[in-house]
Amino acid sequence: MLFRLPVLLLSVLLPALTLADTHILRVVTSEYPPYEYLDDGVVRGTHTDTVRQVLSAMGYLPDIRILPWARAEASTRAGTSDMIYSLTYSRDRNRYYHFTDPISQARDVFFALKGRDLEWQELDDLAGLRIGLSAAYSYAPEFMKWLAAGNARVTQISQVSPELTGLRMIAFGRIDLFICEETVCHHLIEEHLSEYPELSDITALSGTVGAKRGFRAAFSRQHPRGAALRDEFNQALNNLRSTDSD
(Lines give C-alpha, C1' and ligand atoms only; values in the text may rest on other atoms or scores of the structure.)
Protein backbone atom coordinates (compact mmCIF):
# COMPACT_ATOMS: atom_id res chain seq x y z
CA MET A 1 0.00 0.00 0.00
CA LEU A 2 2.85 2.38 0.84
CA PHE A 3 4.14 2.48 -2.75
CA ARG A 4 0.83 3.97 -3.84
CA LEU A 5 1.30 7.10 -1.73
CA PRO A 6 3.99 8.74 -3.93
CA VAL A 7 1.91 7.92 -7.01
CA LEU A 8 -1.14 9.48 -5.42
CA LEU A 9 0.83 12.57 -4.40
CA LEU A 10 2.18 12.96 -7.92
CA SER A 11 -1.31 12.68 -9.40
CA VAL A 12 -2.42 15.52 -7.17
CA LEU A 13 0.67 17.73 -7.50
CA LEU A 14 1.36 17.46 -11.23
CA PRO A 15 -1.76 19.40 -12.35
CA ALA A 16 -0.95 22.07 -9.76
CA LEU A 17 2.67 22.26 -10.91
CA THR A 18 1.59 22.48 -14.54
CA LEU A 19 -0.83 25.30 -13.67
CA ALA A 20 1.87 27.13 -11.74
CA ASP A 21 4.25 26.93 -14.71
CA THR A 22 1.62 28.32 -17.09
CA HIS A 23 1.87 32.09 -17.56
CA ILE A 24 -1.77 33.03 -17.01
CA LEU A 25 -2.89 36.65 -17.07
CA ARG A 26 -6.18 37.68 -15.50
CA VAL A 27 -7.80 39.96 -18.06
CA VAL A 28 -11.10 41.82 -17.74
CA THR A 29 -13.29 43.81 -20.09
CA SER A 30 -16.95 44.69 -20.52
CA GLU A 31 -19.68 44.12 -23.10
CA TYR A 32 -18.84 46.52 -25.92
CA PRO A 33 -19.65 44.93 -29.29
CA PRO A 34 -18.17 44.61 -31.84
CA TYR A 35 -14.93 45.04 -29.88
CA GLU A 36 -15.69 42.62 -27.03
CA TYR A 37 -18.78 40.62 -26.15
CA LEU A 38 -19.92 37.29 -24.73
CA ASP A 39 -21.07 34.66 -27.23
CA ASP A 40 -22.17 31.25 -25.89
CA GLY A 41 -19.94 31.72 -22.86
CA VAL A 42 -16.89 32.72 -24.91
CA VAL A 43 -15.48 36.26 -24.99
CA ARG A 44 -15.18 37.32 -28.63
CA GLY A 45 -14.76 40.53 -30.63
CA THR A 46 -12.19 42.33 -32.76
CA HIS A 47 -10.23 43.72 -29.80
CA THR A 48 -10.46 40.36 -28.03
CA ASP A 49 -8.89 38.66 -31.05
CA THR A 50 -6.02 41.15 -31.02
CA VAL A 51 -5.47 40.83 -27.26
CA ARG A 52 -5.38 37.03 -27.46
CA GLN A 53 -2.92 37.07 -30.37
CA VAL A 54 -0.60 39.57 -28.69
CA LEU A 55 -0.61 37.88 -25.27
CA SER A 56 -0.07 34.48 -26.90
CA ALA A 57 2.95 35.87 -28.77
CA MET A 58 4.24 37.11 -25.39
CA GLY A 59 3.91 33.58 -24.01
CA TYR A 60 0.84 34.20 -21.86
CA LEU A 61 -2.52 32.48 -21.63
CA PRO A 62 -5.21 35.12 -21.04
CA ASP A 63 -8.09 34.30 -18.71
CA ILE A 64 -10.56 36.85 -20.11
CA ARG A 65 -13.72 37.70 -18.20
CA ILE A 66 -16.63 40.03 -18.94
CA LEU A 67 -17.62 42.26 -16.02
CA PRO A 68 -19.64 45.45 -15.62
CA TRP A 69 -17.22 48.25 -16.49
CA ALA A 70 -17.06 49.74 -12.99
CA ARG A 71 -16.15 46.33 -11.54
CA ALA A 72 -13.60 45.69 -14.28
CA GLU A 73 -11.82 48.96 -13.52
CA ALA A 74 -11.99 48.45 -9.75
CA SER A 75 -10.55 44.94 -10.11
CA THR A 76 -7.62 46.10 -12.24
CA ARG A 77 -6.88 49.14 -10.10
CA ALA A 78 -6.75 46.92 -7.02
CA GLY A 79 -4.52 44.35 -8.75
CA THR A 80 -7.12 41.57 -8.56
CA SER A 81 -6.97 41.57 -12.37
CA ASP A 82 -3.74 42.03 -14.30
CA MET A 83 -5.01 43.75 -17.44
CA ILE A 84 -8.06 45.55 -18.79
CA TYR A 85 -9.21 46.54 -22.32
CA SER A 86 -10.66 48.53 -24.21
CA LEU A 87 -10.26 52.00 -22.71
CA THR A 88 -8.97 55.43 -23.65
CA TYR A 89 -6.14 57.24 -21.92
CA SER A 90 -6.77 59.93 -19.32
CA ARG A 91 -4.48 61.50 -16.72
CA ASP A 92 -6.69 60.21 -13.93
CA ARG A 93 -6.60 56.64 -15.24
CA ASN A 94 -2.85 56.86 -15.76
CA ARG A 95 -2.44 56.84 -11.97
CA TYR A 96 -3.70 53.26 -11.91
CA TYR A 97 -2.59 51.76 -15.24
CA HIS A 98 0.35 51.25 -17.56
CA PHE A 99 -1.29 52.02 -20.92
CA THR A 100 -0.38 50.16 -24.10
CA ASP A 101 -0.21 51.59 -27.59
CA PRO A 102 -3.63 51.89 -29.29
CA ILE A 103 -5.35 48.71 -30.45
CA SER A 104 -7.70 50.75 -32.63
CA GLN A 105 -9.01 54.29 -33.02
CA ALA A 106 -12.09 55.64 -31.24
CA ARG A 107 -14.26 58.28 -32.91
CA ASP A 108 -17.07 59.77 -30.85
CA VAL A 109 -20.04 61.23 -32.72
CA PHE A 110 -23.55 62.40 -31.94
CA PHE A 111 -26.56 60.28 -32.88
CA ALA A 112 -29.95 61.92 -33.39
CA LEU A 113 -33.43 61.31 -34.75
CA LYS A 114 -33.71 61.46 -38.52
CA GLY A 115 -35.60 64.51 -39.70
CA ARG A 116 -34.52 66.72 -36.79
CA ASP A 117 -32.20 68.60 -39.15
CA LEU A 118 -29.59 69.00 -36.43
CA GLU A 119 -26.16 70.19 -37.50
CA TRP A 120 -23.18 71.45 -35.57
CA GLN A 121 -19.78 72.95 -36.12
CA GLU A 122 -19.07 73.95 -32.53
CA LEU A 123 -20.48 72.53 -29.31
CA ASP A 124 -22.27 75.81 -28.62
CA ASP A 125 -24.46 75.02 -31.65
CA LEU A 126 -26.04 72.31 -29.47
CA ALA A 127 -26.59 74.47 -26.39
CA GLY A 128 -29.80 73.73 -24.49
CA LEU A 129 -30.35 70.28 -26.01
CA ARG A 130 -30.86 67.10 -24.00
CA ILE A 131 -27.71 65.02 -24.40
CA GLY A 132 -27.31 61.43 -23.22
CA LEU A 133 -23.99 59.83 -22.39
CA SER A 134 -22.71 56.61 -20.89
CA ALA A 135 -21.76 57.00 -17.23
CA ALA A 136 -18.86 54.55 -17.66
CA TYR A 137 -17.24 56.05 -20.78
CA SER A 138 -14.36 58.54 -20.79
CA TYR A 139 -15.20 61.32 -23.25
CA ALA A 140 -13.00 64.08 -24.65
CA PRO A 141 -12.00 66.57 -21.91
CA GLU A 142 -13.22 69.60 -23.87
CA PHE A 143 -16.66 68.02 -24.23
CA MET A 144 -16.88 67.24 -20.52
CA LYS A 145 -15.76 70.79 -19.67
CA TRP A 146 -18.49 72.18 -21.94
CA LEU A 147 -21.10 70.01 -20.21
CA ALA A 148 -19.84 71.00 -16.76
CA ALA A 149 -20.44 74.65 -17.66
CA GLY A 150 -24.16 73.86 -17.90
CA ASN A 151 -24.49 74.25 -21.66
CA ALA A 152 -26.76 71.22 -22.09
CA ARG A 153 -29.22 69.09 -20.16
CA VAL A 154 -27.33 65.89 -19.42
CA THR A 155 -28.71 62.39 -18.92
CA GLN A 156 -26.12 59.89 -17.69
CA ILE A 157 -27.03 56.31 -18.55
CA SER A 158 -25.68 53.51 -16.38
CA GLN A 159 -27.66 50.46 -17.54
CA VAL A 160 -25.89 47.26 -18.61
CA SER A 161 -25.95 48.43 -22.24
CA PRO A 162 -25.94 52.24 -22.02
CA GLU A 163 -25.27 52.71 -25.73
CA LEU A 164 -28.31 50.72 -26.81
CA THR A 165 -30.42 52.42 -24.15
CA GLY A 166 -29.25 55.84 -25.33
CA LEU A 167 -30.14 55.12 -28.95
CA ARG A 168 -33.62 53.98 -27.97
CA MET A 169 -34.11 57.06 -25.79
CA ILE A 170 -33.54 59.19 -28.88
CA ALA A 171 -36.18 57.23 -30.80
CA PHE A 172 -38.72 57.73 -28.00
CA GLY A 173 -37.99 61.46 -27.71
CA ARG A 174 -36.52 61.33 -24.21
CA ILE A 175 -33.21 62.92 -25.31
CA ASP A 176 -32.16 64.89 -28.39
CA LEU A 177 -28.66 63.50 -28.83
CA PHE A 178 -26.59 60.57 -27.68
CA ILE A 179 -22.81 60.65 -27.92
CA CYS A 180 -21.33 57.29 -28.88
CA GLU A 181 -18.27 55.69 -30.41
CA GLU A 182 -19.25 55.54 -34.06
CA THR A 183 -18.45 51.88 -34.81
CA VAL A 184 -20.14 50.66 -31.63
CA CYS A 185 -23.46 52.41 -32.17
CA HIS A 186 -23.64 51.59 -35.88
CA HIS A 187 -23.07 47.95 -34.92
CA LEU A 188 -25.80 48.08 -32.26
CA ILE A 189 -28.31 49.59 -34.69
CA GLU A 190 -27.60 46.87 -37.24
CA GLU A 191 -27.65 44.03 -34.69
CA HIS A 192 -30.85 45.08 -32.86
CA LEU A 193 -32.93 46.54 -35.68
CA SER A 194 -35.28 43.56 -35.91
CA GLU A 195 -35.79 43.60 -32.15
CA TYR A 196 -36.12 47.38 -31.86
CA PRO A 197 -37.42 48.71 -35.22
CA GLU A 198 -37.40 52.26 -33.84
CA LEU A 199 -33.61 52.22 -34.30
CA SER A 200 -34.18 52.71 -38.03
CA ASP A 201 -35.07 56.32 -37.20
CA ILE A 202 -31.61 57.04 -35.74
CA THR A 203 -28.69 58.55 -37.66
CA ALA A 204 -25.19 59.81 -36.91
CA LEU A 205 -24.40 63.51 -37.27
CA SER A 206 -21.33 64.73 -39.10
CA GLY A 207 -18.40 65.83 -37.00
CA THR A 208 -16.18 64.22 -34.38
CA VAL A 209 -16.57 65.19 -30.72
CA GLY A 210 -12.99 65.92 -29.71
CA ALA A 211 -10.00 64.35 -31.40
CA LYS A 212 -9.83 60.71 -32.41
CA ARG A 213 -8.40 58.71 -29.55
CA GLY A 214 -6.94 55.27 -29.19
CA PHE A 215 -8.66 52.29 -27.61
CA ARG A 216 -5.94 50.66 -25.54
CA ALA A 217 -5.22 47.84 -23.14
CA ALA A 218 -3.74 48.66 -19.74
CA PHE A 219 -1.84 46.72 -17.10
CA SER A 220 -2.43 47.29 -13.41
CA ARG A 221 0.18 49.37 -11.60
CA GLN A 222 -0.27 46.88 -8.76
CA HIS A 223 1.32 44.16 -10.90
CA PRO A 224 5.06 43.87 -10.12
CA ARG A 225 5.84 43.60 -13.84
CA GLY A 226 3.14 45.95 -15.08
CA ALA A 227 5.46 48.35 -16.92
CA ALA A 228 7.50 45.48 -18.42
CA LEU A 229 4.33 43.72 -19.57
CA ARG A 230 3.18 46.94 -21.22
CA ASP A 231 6.46 47.19 -23.12
CA GLU A 232 6.30 43.53 -24.18
CA PHE A 233 2.70 44.01 -25.31
CA ASN A 234 3.64 47.02 -27.44
CA GLN A 235 6.49 45.11 -29.09
CA ALA A 236 4.30 42.07 -29.81
CA LEU A 237 1.50 44.33 -31.13
CA ASN A 238 3.95 46.07 -33.44
CA ASN A 239 5.28 42.72 -34.67
CA LEU A 240 1.73 41.49 -35.32
CA ARG A 241 0.92 44.57 -37.39
CA SER A 242 4.18 44.28 -39.32
CA THR A 243 3.33 40.67 -40.17
CA ASP A 244 -0.22 41.59 -41.23
CA SER A 245 1.08 44.32 -43.55
CA ASP A 246 3.52 41.99 -45.35
Side-chain angles (χ1 to χ4, degrees), residues 12-107 136-138 181-184 187 211-246:
V12 172
L13 290 175
L14 278 176
L17 291 171
T18 302
L19 184 62
D21 289 340
T22 303
H23 298 293
I24 296 177
L25 279 179
R26 300 162 298 179
V27 181
V28 290
T29 187
S30 191
E31 283 274 354
Y32 202 51
Y35 298 126
E36 46 264 352
Y37 57 92
L38 203 58
D39 179 25
D40 290 333
V42 179
V43 185
R44 305 187 189 277
T46 54
H47 286 178
T48 302
D49 291 342
T50 299
V51 165
R52 280 204 175 98
Q53 284 181 279
V54 171
L55 292 180
S56 176
M58 292 166 58
Y60 288 93
L61 177 65
D63 176 17
I64 304 178
R65 302 187 183 188
I66 293 276
L67 298 174
W69 186 251
R71 282 179 55 196
E73 282 221 71
S75 175
T76 312
R77 291 182 180 193
T80 310
S81 297
D82 303 313
M83 195 191 92
I84 186 172
Y85 74 100
S86 308
L87 69 173
T88 56
Y89 174 89
S90 72
R91 283 190 296 177
D92 177 64
R93 283 174 167 171
N94 193 52
R95 294 186 297 159
Y96 305 100
Y97 307 127
H98 296 287
F99 278 92
T100 71
D101 291 339
I103 297 172
S104 74
Q105 293 297 312
R107 180 173 181 262
Y137 191 84
S138 177
E181 203 283 318
E182 185 177 32
T183 299
V184 169
H187 175 84
K212 288 184 180 180
R213 297 174 295 157
F215 276 132
R216 304 168 187 261
F219 291 91
S220 174
R221 287 190 179 270
Q222 299 298 319
H223 195 291
R225 295 194 65 253
L229 287 170
R230 182 267 320 277
D231 295 341
E232 292 171 23
F233 187 99
N234 288 343
Q235 183 60 57
L237 179 63
N238 184 64
N239 292 343
L240 176 65
R241 287 176 172 159
S242 298
T243 302
D244 289 342
S245 63
D246 290 344

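In what follows, every heavy atom counts, from backbone to side chain, and hydrogens, waters and symmetry copies are set aside. All residue numbers in this chain count up from 1 along the given sequence.
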Sequence neighbours left out, cut at 3.5 Å: what donor-acceptor pairs do the side chains of residues 229-237 make with other protein atoms?
residue, atom, partner, partner atom, Å
Glu232, OE2, Arg225, NH2, 2.5
Asn234, OD1, Asp101, N, 2.8
Gln235, NE2, Asn239, OD1, 3.0

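Note that OH of Tyr37 and CD of Glu31 are 9.5 Å apart. Values are rounded to the nearest 0.5 Å. Atom OG1 of residue Thr46 and atom CZ of residue Arg44 lie 13.5 Å apart, to the nearest 0.5 angstrom. Of the inter-residue distances, the one linking Leu55 atom CG with Thr50 atom OG1 reads 10.5 Å to the nearest 0.5 angstrom. Atom-to-atom distance recorded for Thr80:OG1 and Arg71:CZ is 11.0 Å, nearest 0.5 angstrom. Put simply, CZ on Phe215 and CD on Gln105 are 9.5 Å apart, with the number rounded to the nearest 0.5 Å. Taken to the nearest 0.5 Å, the CZ atom of Arg77 stands 11.5 Å off from the CD atom of Gln222.
A distance-only check finds a donor-acceptor pair linking the side chain of Glu181 to the backbone of Arg107 [under 3.5 Å]. Looking at Arg93, its side chain does come within 3.5 Å of a backbone N or O of Thr88 through a donor-acceptor pair. Put simply, the side chain of Thr76 gets close to the backbone of Ala72: a donor and an acceptor are under 3.5 Å apart. Distance alone, capped at 3.5 Å, is enough to place a donor-acceptor pair between the Ser30 side chain and the Leu67 backbone. Not a single donor-acceptor pair under 3.5 Å links the side chain of Ser81 to the backbone N or O of Met83. Under a 3.5 Å cut-off, the side chain of Thr100 and the backbone N or O of Ala217 do form a donor-acceptor pair.
With hydrogens and angles left out, the side-chain atoms of Ser86 and Glu36 include a donor and acceptor closer than 3.5 Å. A side-chain donor-acceptor contact under 3.5 Å links Tyr85 and Thr48. Donor-acceptor pairing under 3.5 Å is recorded for the side chains of Glu73 and Tyr97.
Using a cut-off of 4.0 Å between Lys/Arg side-chain N and Asp/Glu carboxylate O, Asp63 and Arg26 are scored as not salt-bridged.
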For a side-chain contact (heavy atoms from CB on, under 4.5 Å) check, start with the C-alpha distance between Val51 and Ile103, then their side-chain angles and the critical distance, and finish with the verdict.
CA-CA 8 Å; Val51 165; Ile103 297 172; 4.1 Å; yes
Full working for side-chain contact (heavy atoms from CB on, under 4.5 Å) between Phe219 and Ile84
CA-CA 7 Å; Phe219 291 91; Ile84 186 172; over 6 Å; no
Where do Tyr60 and His23 land on the ring-ring contact (aromatic ring centres under 6.0 Å, His included) test, with the steps shown first?
CA-CA 5 Å; Tyr60 288 93; His23 298 293; 5.5 Å; yes
Does Arg221 form a side-chain contact (heavy atoms from CB on, under 4.5 Å) with Tyr96? I'd like the steps, not just the answer.
CA-CA 6 Å; Arg221 287 190 179 270; Tyr96 305 100; 5.6 Å; no
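Counting only heavy atoms from C-beta outward, the side chains of Val54 and Leu240 approach each other to under 4.5 Å. With contacts defined as side-chain heavy-atom distances shorter than 4.5 Å, the pair Ile64/Arg52 qualifies. The shortest distance between side-chain heavy atoms of Val27 and Pro62 falls below 4.5 Å. Residues Ser104 and Tyr35 meet the side-chain proximity criterion, which asks for heavy atoms closer than 4.5 Å.
Nearest heavy atom pair, residue His98 against residue Gly226, reads CD2-C, 3.5 Å.
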